[in-house]
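The analysis underlying the following values was restricted to heavy atoms, covering all of them including side chains, and did not include hydrogens, waters or symmetry mates. In what follows, every chain begins at residue 1, and chains take the letters A, B, ... in the order their sequences are listed.
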Amino acid sequence: MTGFSTFDVAGSALAAQQLRLNLTASNLANMNNVAGQPDAVYRPRHAIFAAADDGFGAALDAVGVQVLGVIESTTQPIERYDPGHPQADERGMVYAANVNVMEEMANMISASRSYQSNLEVVNTAKELMLRTLSLGQG
Amino acid sequence: MDPILGIHGSALTFRAQRMDVLATNLANADTPHYKARDMEFASTLAGVQTSLRPRRTHRGHIEPAAAKSAADLKYRNPHQPSMDGNTVEADLEMARYAENAVAYQASLMFVNRRITGLRAAITGRVS
């Protein structure tokens, strides 16, 4: 046991899930964006997670989770015929952000549950540590 | 084994290590291709209790390995395989984490009572 590594592990997961929640909020907030060119419109963003194992530590080392990066979805924006729109191009088309609401909601619930269970881990570890610190005082 | 605290000192170390392993599983519950791991109490106990461990009697000797080694970490067989290759089942991990915490507290209580008993014996009165 290296002391307080449980807190590091659970803390890294809390940060990662928080980022995932933020990205979901960003995707849902921008779901109605439109633009005049397909390249200019908002694309949904997702976080890529990986175990924070550098391969050099002992196999017993506790590894947290790291965010490898945030990627933009490669799905094409939704093309919509709307000639009255001020941003419409010469063909009368506007391009809307292709945000899948169902996917985002499922992501949000998953992130929220993972956040909760990691918070529970921190709380339990804290209580055990405090009890260990008061060993022999009772 | 510690002659004063008995098995419970080692048990506390085991429980703390297992807490780290289970926390790692829970932290990586959403990581693709992560494989959940766990430690087995029985084999660790056997490793602690065995008397056939090498002793360092010369300074040229290599320090014998601790009773606990990485070989005791085993991969879990998931009840339901998932598409992304992750084998963490968060609810089960939570249950094991709670069980481990209770066992940690139980060992802590034994150690605590032992200290209380020794103190009573030393001071001659129950504090």
K.L.:
Among residues 76-94 of chain B, which residues come closer than 4.5 Å to chain A, judged by heavy atom distances?
P.N.:
D91(B), M94(B)

K.L.:
Are F41(B) and F110(B) connected, step by step, through hydrophobic side chains (Ile, Leu, Val, Met, Phe, Trp, Tyr) whose heavy atoms are closer than 4.5 Å?
P.N.:
no

K.L.:
So D20(B) and V9(A), do their side chains get closer than 4.5 Å, heavy atoms only?
P.N.:
no

K.L.:
With rounding to the nearest 0.5 angstrom, report the CD to OG1 distance, Q105(B) to T124(A).
P.N.:
9.0 Å

K.L.:
Could you tell me whether M109(B) atom CE has more than 12 heavy atoms of other residues or ligands within 6.0 Å of it?
P.N.:
yes

K.L.:
Keeping to residues at least two apart or across chains, list the salt bridge (Lys or Arg N to Asp or Glu O under 4.0 Å) pairs with something in residues 23-37 of chain A.
P.N.:
none

K.L.:
Which one, V121(A), D8(A), L14(A), leads in non-hydrogen pairs under 4.5 Å with chain B?
P.N.:
V121(A)

K.L.:
Quick one: closest heavy-atom pair of G136(A) and R119(B), and the distance?
P.N.:
O-NH2, 2.7 Å

K.L.:
Which distance, rounded to the nearest 0.5 Å, do you find between the OG of S5(A) and the CD of Q17(B)?
P.N.:
9.5 Å

K.L.:
Taking a hydrophobic cluster as the set of Ile, Leu, Val, Met, Phe, Trp and Tyr residues connected by side-chain heavy atoms closer than 4.5 Å, whether directly or through intermediates, do L135(A) and L5(B) fall within one such cluster?
P.N.:
yes

K.L.:
Measuring from atom CG of L108(B) to atom OG1 of T132(A), what distance do you get when rounded to the nearest 0.5 angstrom?
P.N.:
4.5 Å

K.L.:
Please check if L21(A) and L23(A) belong to a single hydrophobic cluster, counting links between Ile, Leu, Val, Met, Phe, Trp and Tyr side chain heavy atoms closer than 4.5 Å.
P.N.:
no

K.L.:
Less than 4.5 Å to any heavy atom of chain B: does that hold for the side chain of A16(A), its backbone, both, or neither?
P.N.:
neither

K.L.:
Could you give me the CA-CA distance, side-chain angles and deciding distance for T6(A) and Y97(B), then say whether side-chain contact (heavy atoms from CB on, under 4.5 Å) is met?
P.N.:
CA-CA 12 Å; T6(A) 308; Y97(B) 189 83; 4.1 Å; yes

K.L.:
Do any of residues 65-100 of chain A have a heavy atom less than 4.5 Å from a heavy atom of chain B, and if so, which, in residue order?
P.N.:
V65(A)

K.L.:
Does V63(A) belong to the same Ile/Leu/Val/Met/Phe/Trp/Tyr cluster as L19(A), with side-chain heavy atoms less than 4.5 Å apart forming each link?
P.N.:
no

K.L.:
If you count the non-hydrogen atoms of other residues, nucleotides and ligands that lie under 6.0 Å from CD in Q37(A), is the total more than 12?
P.N.:
no

K.L.:
Does R113(A) have more than 12 heavy atoms from other residues, nucleotides or ligands lying within 6.0 Å of its CZ?
P.N.:
no

K.L.:
Suppose a student defines contact as a heavy atom less than 4.5 Å from any heavy atom of chain A. Which residues in residues 25-33 of chain B would they list?
P.N.:
L26(B), A27(B), N28(B), D30(B), T31(B), P32(B)

K.L.:
With a 4.5 Å cut-off on heavy-atom pairs, point out which of S117(A), G11(A), A10(A) contacts chain B the most.
P.N.:
S117(A)

K.L.:
Honestly curious: do M108(A) and V101(A) fall in one hydrophobic cluster under the side-chain, below-4.5 Å linking rule?
P.N.:
yes

